[in-house]
Amino acid sequence: MSILIKDLKYTYMPKTPFEKTAIHDISLEIQKGEFVAVIGHTGSGKSTLLQHLNGLLLPTEGEVFIDGEKITKKNLSEIRRKVGFVFQYPEHQLFEDTVYKDIAFALKRFKLSDEEIDAKVRKAANTVGLDEALFESSVFDLSGGEKRRVAICGVLVSDPSYLLLDEPASGLDGKGRRDMLALLKKLNSEGVTIVLISHSMDDVAEVADRIILINEGTVALDGTPGEVFSKEELLASMSLDVPEVTKLFNDFSKRSGIPLPTVTTALQGREIIRMLINEGRLVL
Amino acid sequence: MTETEKYIEFNNVTFSYGTQGDETESRKRKDAVKDVSFAIEKGTFVCIIGSNGSGKSTVAKLMNGLILPTSGTVISAGYDTSDDQNIWEIRRLVGMVFQNPDNQIIATSVEEDVAFGLENIGVPREEMIARVDEALKMCGVDKYRHSEPHLLSGGQKQRVSIAGILAMRPSCIVLDESTAMLDPKGRKQVLDIVKKLNKEENITVILITHHMDEIVDADRVLVMEKGELVKAGTPVEIFSDRELISDLGLDLPPAARVFEPEDGHDFGETVLTKEQGVSVLMKKLV
């Protein structure tokens, strides 16, 4: 059970003067249950890659398999039930006159009874922590964070096994952002595979188990946050930052001469400090 | 003029939606801003933070008379915003950059977009060329002057918007979540420009943001919640108030999270930036 990508290449507007190869030579596998972050600077090809994972784009060359089944024009609706896609600013796509109708929209295509639809809508709302009292509200009366929850709910009603998200936390305030990351963590612990794009290295370090770095259309690094963020100079050469906390401890390590492992989250930073205090190297 | 001249003054300002015009009749009356008073000094760099719906953007729109107070007064650049006669001068002096870069660029070339405001106020051609030139250079978008704006990145578009404001020779720029839709590189470029304008040109900068790392260099931070101004102070004063931060669900900057005085590790100093973090650690080194 996995997303398997083999020798993927995608060219926009082939055989025209605007021809541009966005991604090339990508082969990788994402196992069911993983929490993966795809990073890369604007224009690196990361969104193009993500759009291949549920057939929004079909490869110019190469193949993509979902649970062993190759994505083709013929099985798109089945693939998209299995692989949900949450676009950037998904709240811009809300259009029904009530929250309930918007969440239920994707289910209309399936031959389901009203009771079955209702059960699925309530289950998804419960998962994302959306108050049922809002069901009959207009989507325009909700806060930014609530709107985004409604949009994600509209994808979750189809019970996807894989969830793709393009910048799920962008534009949210502090609490909205933390709630969103916690929601994705929770979905992942319930078995949903998460693949997200993010520009926030701090967020990525906090939630992802694996980071795939795309540069100039192909995979430049693939590893744990500790592995990827240990290469501060390489990332800088690709106009990417490492988390603020990583820089802090790298600088401290350099100035103090104390060798330290790569620190990627505040929590790890606190552990390092505790360790240094226990070893008697730091005295408060 | 004194150095601590008040540049923008809010005196008991309340703004309610649903009380102006017919189109809002169906909506319920809602106080977006409630009895807010503060003053911003000329040449300072002030940030306004608060959760979604706290009234930050409403405060921004009140600053240059895009909306008028339901009660109370807003004095901008020495003028009362509710006096019709002053409104064009206020809008020239207090420029506004919005969130979505695609919503504020109208011309077909960068150069023309920057010149748009000047054309409207009838600046002579020679002077217009000189001012556009200067503004483009200051914002580092000179090399794109003949480009079509839609081909630029988000960060470049926002810098073009700032150039358009600069050409009008403003004394204050209000950025309403102008970095929210940008990638980290674009965000940094925009911040670098406004910090430079603040320091070198003495332009008052008011930055509304959710990114806590953007506010660590501010002279002053205003915190909004449910339409009210709940706290004002330096970044250190704001972030030292743990109760406020947690009540309002605000984020601490990443470096600050490492040094939170929990589990007995009190460093006795508020750390906001990685530089401060490194220096605190070095001080405690044996």
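Chain letters run A, B, ... following the sequence lines, proteins first, then strands; residues in each count from 1. Computed from a predicted model, the values in this text were never measured in an experiment.
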Count the heavy atoms belonging to other residues, nucleotides or ligands that lie under 6.0 Å from CD of A/Glu233, then report whether that count exceeds 12.
no
For the pair A/Arg270 (side chain) and B/Glu260 (backbone), establish whether a donor and an acceptor sit closer than 3.5 Å, ignoring hydrogens and angles. yes
Honestly, the part of B/Asp213 sitting under 4.5 Å from a heavy atom of chain A is neither
Ordered numerically, the heavy-atom neighbours of chain B under 4.5 Å found in residues 234-269 of chain A are A/Ser239, A/Glu244, A/Val245, A/Lys247, A/Leu248, A/Phe249, A/Asp251, A/Phe252, A/Arg255, A/Ser256, A/Ile258, A/Ala266, A/Gly269
Between the OG atom in A/Ser198 and the CG atom in B/Asp183, the distance rounded to the nearest 0.5 Å is 11.5 Å
Here the gap from B/Leu182 atom CG to A/His199 atom NE2, rounded to the nearest 0.5 Å, amounts to 9.5 Å
Notebook entry, point to check: For A/Phe95, does the CZ atom have more than 12 heavy-atom neighbours from other residues, nucleotides or ligands under 6.0 Å away?
Noted result: yes
Would you say that more than 12 heavy atoms from the other residues, nucleotides or ligands in this model lie under 6.0 Å from the CD of A/Glu216, or not? no
So, the part of A/Glu146 with a heavy atom under 4.5 Å from chain B: the answer is neither
_Heavy atoms from other residues, nucleotides or ligands near NZ of B/Lys185 exceed 12 (cutoff 6.0 Å)_ = no
Donor-acceptor pair, distance only, cut-off 3.5 Å: does the side chain of A/Asp173 make one with the backbone of B/Asn52?
yes
By residue number, those in residues 274-286 of chain B with heavy atoms under 4.5 Å from heavy atoms of chain A are B/Lys274, B/Gly277, B/Val278, B/Leu281, B/Met282, B/Lys284, B/Leu285, B/Val286
Chain B shares the most heavy-atom pairs under 4.5 Å, among A/Leu276, A/Asp179, A/Ile272, A/Leu172, with A/Leu172
Flag if over 12 foreign heavy atoms under 6.0 Å of CD, A/Glu19: yes
dist B/Met181:CE -> A/Gln88:CD (nearest 0.5 Å) comes out at 7.0 Å
| query | Can you find a pair of side-chain heavy atoms, one from B/Asp251 and one from A/Arg177, that are under 4.5 Å apart? | reply | yes
- Please say whether more than 12 non-hydrogen atoms of neighbouring residues, nucleotides or ligands are located less than 6.0 Å from NZ in B/Lys195. yes
